[in-house]
Chemist: 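Shown below is the structure under consideration.
Below, all heavy atoms of this structure are taken into account, side chains as well, without hydrogens, waters or symmetry copies.
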Amino acid sequence: GLKVPVDVSFCLHSDAGVTQNDDIVGTLVIYCTKKDGKMFGRYENGTPRNLSRQFADIVTSQVVNDIRAKYEPNWTRRGMRDASYYEARVPEVPALLMELLSHQNFADMKLGLDPNFRFDVSRAIYKGILKFIARRDHRDYVVQPLPVNSFYIDRVSDNCFILNWKPTKDELSDHADAQQYIVLERIGDGGFKEIAVTKDTRYVVYP
């Protein structure tokens, strides 16, 4: 209602709870469609609050599907709960509260402490938000490509160097292939300066 262009609100938690075996507690998501006790109210800008359910479903599906594909095929999707939690009720934009995993349960935290898992979950959340906004606005989207790999420098001469790299294929994403690359240069402790944009996976530098 303050004319600030905020699209969504996302809150990430870890949940409590343990299992007595090696089972995973998994992911629960909470959203709120009620306003002042009324079902399917509207946000201040007139947007239907039931969009929050669609938002929750898209993000949760992305997170759970990516975890199952890369880490744990039995990762639990605990469902979606329409409930009056502060983080889901108060924002005047589609909002959700995600309980990603249980911080008390060994099977969950065995993955939760893995930095690769954290990166991929963060990326899945980003992709889910991106898909929701694109669907809401009826437009296409492009997923941020992954960082390049196998970067190395060939020294041809004192005045010529060749920068080489390979693209990183994102097996969990459509629309995530790099179309071009931005080459940046940093001198000393200064900031980075763009020196080239190329579609090739190599760039010749003459310092």
Side-chain angles (χ1 to χ4, degrees), residues 5-14 24 26-27 55 58-75 77 96 98 100-101 103 106-207:
V6 176
D7 286 295
V8 297
S9 174
F10 176 86
C11 188
L12 181 64
H13 284 200
S14 61
I24 289 169
T27 302
F55 177 42
I58 290 174
V59 175
T60 306
S61 295
Q62 187 72 59
V63 169
V64 172
N65 290 344
D66 282 10
I67 293 174
R68 287 175 177 173
K70 192 167 183 179
Y71 293 95
E72 175 51 71
N74 296 317
W75 189 266
R77 177 169 178 163
L96 68 85
M98 175 175 284
L100 175 64
L101 47 72
H103 53 252
F106 177 76
D108 293 59
M109 288 309 298
K110 185 169 63 174
L111 289 173
L113 293 173
D114 180 348
N116 295 310
F117 176 86
R118 294 182 180 187
F119 174 85
D120 288 320
V121 166
S122 299
R123 185 168 169 83
I125 292 168
Y126 148 71
K127 291 187 293 185
I129 294 173
L130 177 66
K131 287 181 178 180
F132 168 75
I133 294 174
R135 183 177 300 182
R136 183 199 62 186
D137 296 346
H138 307 288
R139 55 178 171 156
D140 295 329
Y141 64 90
V142 176
V143 175
Q144 172 74 31
L146 289 169
V148 300
N149 69 83
S150 305
F151 177 80
Y152 66 97
I153 301 175
D154 278 333
R155 180 178 178 179
V156 179
S157 68
D158 289 344
N159 296 316
C160 182
F161 299 86
I162 302 177
L163 314 181
N164 302 271
W165 62 86
K166 294 181 181 179
T168 302
K169 177 67 177 176
D170 189 345
E171 302 296 341
L172 300 176
S173 301
D174 297 325
H175 318 294
D177 294 331
Q179 302 300 312
Q180 58 187 18
Y181 305 91
I182 300 173
V183 182
L184 304 174
E185 180 184 37
R186 184 186 187 191
I187 299 176
D189 294 328
F192 286 89
K193 178 181 69 173
E194 180 180 317
I195 61 173
V197 176
T198 177
K199 293 184 178 181
D200 200 356
T201 56
R202 65 196 297 272
Y203 181 73
V204 181
V205 178
Y206 298 96

Chemist: Is the count of non-hydrogen atoms from other residues, nucleotides or ligands lying under 6.0 Å from Asn116 atom CG greater than 12?
Modeler: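 Enclosed: over 12 neighbouring heavy atoms sit under 6.0 Å from CG of Asn116.
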Chemist: For Ala176, check side chain to side chain contact (heavy atoms under 4.5 Å, CB included) against everything at least two apart and list the hits.
Modeler: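 If we apply the side chain to side chain contact (heavy atoms under 4.5 Å, CB included) test to Ala176, skipping adjacent residues, the hits are Arg123, Val143, Asp170, Ser173.
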Chemist: I need the Ile129 CD1 to Phe10 CZ distance, nearest 0.5 Å.
Modeler: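 Reported to 0.5 Å precision, the distance equals 6.0 Å.
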Chemist: Can you find a pair of side-chain heavy atoms, one from Glu171 and one from Lys70, that are under 4.5 Å apart?
Modeler: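 The answer is no; the side chains never approach within 4.5 Å.
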Chemist: Quick check on side chain to side chain donor-acceptor pair (under 3.5 Å): which of Asn65, Thr60, Asp66 does Gln62 satisfy it with?
Modeler: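 Result for side chain to side chain donor-acceptor pair (under 3.5 Å) with Gln62: Asp66.
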Chemist: Are Ser61 and Arg77 close enough that some pair of their side-chain heavy atoms sits under 4.5 Å apart?
Modeler: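 Yes, side chains in contact.
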Chemist: Tell me whether Thr168 contacts the main-chain N or O of Pro147 through its side chain, where contact means a donor paired with an acceptor under 3.5 Å.
Modeler: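 Between the backbone of Pro147 and the side chain of Thr168 there is a qualifying donor-acceptor contact (under 3.5 Å).
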Chemist: Under a plain distance cut-off of 3.5 Å, with no hydrogens placed, do Tyr71 and Asp114 share a side-chain donor-acceptor pair?
Modeler: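 No, no side-chain donor-acceptor contact under 3.5 Å.
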Chemist: Calculate, to the nearest 0.5 Å, the distance between atoms CG and NZ belonging to Leu146 and Lys169 respectively.
Modeler: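 Taking CG in Leu146 and NZ in Lys169, the distance rounds to 10.0 Å.
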Chemist: Is the shortest heavy-atom distance from the side chain of Met109 to the side chain of His103 under 4.5 Å?
Modeler: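 SC-SC contact between Met109 and His103 confirmed.
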Chemist: At their closest point, which heavy atom of Pro145 faces which heavy atom of Ala178, and how far apart are they?
Modeler: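 Here Pro145 and Ala178 meet closest at CG-CA, 3.9 Å.
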Chemist: I'd like to know whether OH of Tyr141 has more than 12 heavy-atom contacts from other residues, nucleotides or ligands below 6.0 angstrom.
Modeler: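 More than 12 within 6.0 Å, yes.
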Chemist: Would you mind reporting whether Phe117 and Leu101 have side-chain heavy atoms less than 4.5 Å apart?
Modeler: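 Yes, at least one pair of side-chain atoms sits under 4.5 Å.
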Chemist: Take Lys127 and Leu172 through the side-chain contact (heavy atoms from CB on, under 4.5 Å) test and state the conclusion after the steps.
Modeler: CA-CA 10 Å; Lys127 291 187 293 185; Leu172 300 176; 3.8 Å; yes
Chemist: Quick one: closest heavy-atom pair of Gly188 and Arg186, and the distance?
Modeler: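 Minimum heavy-atom contact is O-NE, 3.6 Å.
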Chemist: Step by step, work out the side-chain contact (heavy atoms from CB on, under 4.5 Å) result for Lys131 and Val59.
Modeler: CA-CA 8 Å; Lys131 287 181 178 180; Val59 175; over 6 Å; no
Chemist: Quick one: are Pro167 and Asp177 in side-chain contact, heavy atoms under 4.5 Å?
Modeler: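 A side-chain contact under 4.5 Å is absent here.
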Chemist: In terms of the angle between their ring planes, are Phe132 and Phe55 parallel, tilted or perpendicular, with boundaries placed at 30° and 60°?
Modeler: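 Rings of Phe132 and Phe55: tilted, as their planes differ by 30° to 60°.
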Chemist: Looking at CG of Leu100 and CD1 of Ile67, how far apart are the two atoms once the value is rounded to the nearest 0.5 Å?
Modeler: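 These two atoms lie 5.5 Å from each other.
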Chemist: Under a 4.5 Å cut-off applied to non-hydrogen side-chain atoms, are Tyr203 and Tyr181 in contact?
Modeler: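 In short, these two side chains do not touch, never coming nearer than 4.5 Å.
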Chemist: Could you tell me which non-hydrogen atom of Gln144 sits nearest to which non-hydrogen atom of Tyr126, and how far apart they are?
Modeler: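 Where Gln144 meets Tyr126 most closely, the heavy atoms are N-OH, 2.9 Å.
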Chemist: Does a side-chain heavy-atom distance below 4.5 Å link Asp140 with His175?
Modeler: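 The answer is no, as the side chains (C-beta and beyond) never meet within the 4.5 Å cut-off.
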Chemist: Counting only heavy atoms not in Arg202 (residues, nucleotides, ligands), do more than 12 fall under 6.0 Å from its CZ?
Modeler: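 Atom CZ in Arg202 is not packed in, count stays at 12 or less.
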Chemist: Hey, could you give me the OG1/CD distance between Thr198 and Gln180, rounded to the nearest 0.5 Å?
Modeler: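 Answer rounded to 0.5 Å: 8.5 Å.
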Chemist: Heavy-atom distance under 4.5 Å between the side chains of Ile162 and Val156, does that happen here?
Modeler: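 They are in side-chain contact.
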Chemist: To the closest 0.5 Å, what do you measure between CG (Asp158) and CZ (Phe161)?
Modeler: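 Rounded to the nearest 0.5 Å, the CG-CZ separation comes out at 6.5 Å.
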Chemist: Does Thr27 have any side chain to side chain donor-acceptor pair (under 3.5 Å) partners at least two apart in sequence or in another chain, and if so, which?
Modeler: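 Partners of Thr27 by the side chain to side chain donor-acceptor pair (under 3.5 Å) criterion, ordered by chain and then number, come out as Trp75.
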Chemist: Could you walk me through whether Ile24 and Asn74 pass the side-chain contact (heavy atoms from CB on, under 4.5 Å) check?
Modeler: CA-CA 8 Å; Ile24 289 169; Asn74 296 317; 5.6 Å; no
